Amino acid sequence: MHGGGDRYEALLEVLEQQAERASQDDLPRRPAVLRFEAILLVALALITVWVWVLPPAWLIPRAVPPVPIAEEEAGLRIGIYLQAQRIRAYELAHGVLPETLEEAGPAIPGMRYRVVSHGVYELTGTTERVRLSYRSTEPLREWVGTGAEIMTPERLP
């Protein structure tokens, strides 16, 4: 058993020497690592501020060009056409014009409805740049124009 104590002391001595070497090896490296981390942190902070305050052109999204007026008008004409079809369906089912657009179904955004006289109404559609009005005394397909041709079953894919 006496030999076991010598081995234990030798093992302790080896562990102490390794711990001492490890602590000596870490001391010179720590300031360099800390210095690198500090420089990296400052660089990242500066880059973040630069991108936030003065973003480079390649980071700024390009503005979407506005829809041409002709396309916006065609879309509005088709919206009025669809709304007029809902009103017509309501009139056929109930025998009278609806008092509000919502009675004929969900109103298309930007639409206003007004009953002018018995069986005659006016629809006005508005976008940011276009305003169109349709009176029910006008032939709807002619008023819509090319929009009605686009909606025919022969043209659908």
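Treat the numbers as computed from the prediction; the structure is a model and nothing was measured.
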Query raised in the report: Say you draw a straight line from CD of Gln85 to CD1 of Ile78; how long is it, rounded to the nearest 0.5 Å?
Result: 12.5 Å

**Report entry** Cluster check Leu97, Val116: I/L/V/M/F/W/Y, side chain < 4.5 angstrom
**Finding:** no

**Report entry** Flag, side chain of Arg77 to backbone of Gly145, donor-acceptor distance under 3.5 Å
**Finding:** no

Query raised in the report: How far does OH of Tyr90 sit from OG1 of Thr100, to the nearest 0.5 angstrom?
Result: 8.0 Å

Query raised in the report: So, do Trp50 and Pro55 sit near enough that their side-chain heavy atoms are less than 4.5 Å apart?
Result: no

Query raised in the report: Side chains of Arg131 and Arg112: does their closest heavy-atom pair fall under 4.5 Å?
Result: yes

Query raised in the report: Any link between Leu123 and Val96 through a network of hydrophobic side chains (Ile, Leu, Val, Met, Phe, Trp, Tyr) touching at under 4.5 Å?
Result: no

Query raised in the report: Tell me, do Val42 and Ile39 make a side-chain contact under 4.5 Å, heavy atoms counted?
Result: no

Query raised in the report: Would you call Arg114 and Arg135 a side-chain contact if the rule is heavy atoms closer than 4.5 Å?
Result: yes

Query raised in the report: Is Val53 reachable from Leu59 through a run of hydrophobic residues whose side-chain heavy atoms are each under 4.5 Å from the next?
Result: yes

Query raised in the report: Does the side chain of Leu76 reach to within under 4.5 Å of the side chain of Met111, using non-hydrogen atoms?
Result: yes

Query raised in the report: Should Val64 and Val67 be regarded as members of a common hydrophobic cluster, given that ILVMFWY residues are connected when their side-chain heavy atoms come within less than 4.5 Å of each other, either directly or indirectly?
Result: no

Report task. Taking the side chain as every heavy atom from C-beta outward, state whether Gln83 and Ile80 have any pair of such atoms under 4.5 Å apart. Result -> no

Query raised in the report: Does a side-chain heavy-atom distance below 4.5 Å link Glu138 with Tyr134?
Result: yes

Report task. Take Val14 and Glu9 through the test side-chain contact (heavy atoms from CB on, under 4.5 Å) and record every step on the way to the result. Result -> CA-CA 9 Å; Val14 168; Glu9 287 179 22; over 6 Å; no

Query raised in the report: Does a donor on one side chain sit under 3.5 Å from an acceptor on the other, for Glu122 and Tyr113?
Result: no

Requested in this report: Flag the pair Leu132 / Glu73 as yes when at least one side-chain heavy-atom distance between them is below 4.5 Å, and no otherwise.
Outcome: yes

Requested in this report: Provide the full list of salt bridge (charged side-chain N to carboxylate O under 4.0 Å, His left out) pairs with a residue in residues 59-72, sequence neighbours left out, each pair given once.
Outcome: Glu72-Arg129

Query raised in the report: Can you hop from Tyr121 to Leu92 via hydrophobic side chains spaced under 4.5 Å?
Result: no

Report summary line: For Pro98 and Ala104, the nearest pair of non-hydrogen atoms, with its separation, is CG-CB, 4.1 Å

Requested in this report: Without swapping roles, check the side chain of Thr124 against the backbone of Ser133 for a donor-acceptor pair under 3.5 Å.
Outcome: no

Query - Backbone of Val120 reached by a side-chain donor or acceptor of Ser117 within 3.5 Å - result: no

Query raised in the report: Is atom CD of Glu99 surrounded by more than 12 heavy atoms (other residues, nucleotides or ligands) closer than 6.0 Å?
Result: no

**Report entry** Value rounded to 0.5 Å, distance of CD in Glu91 from CD1 in Ile87
**Finding:** 9.0 Å

Query raised in the report: How many angstroms lie between CG in Leu46 and CG in Leu41, if you round to the nearest 0.5 Å?
Result: 9.5 Å

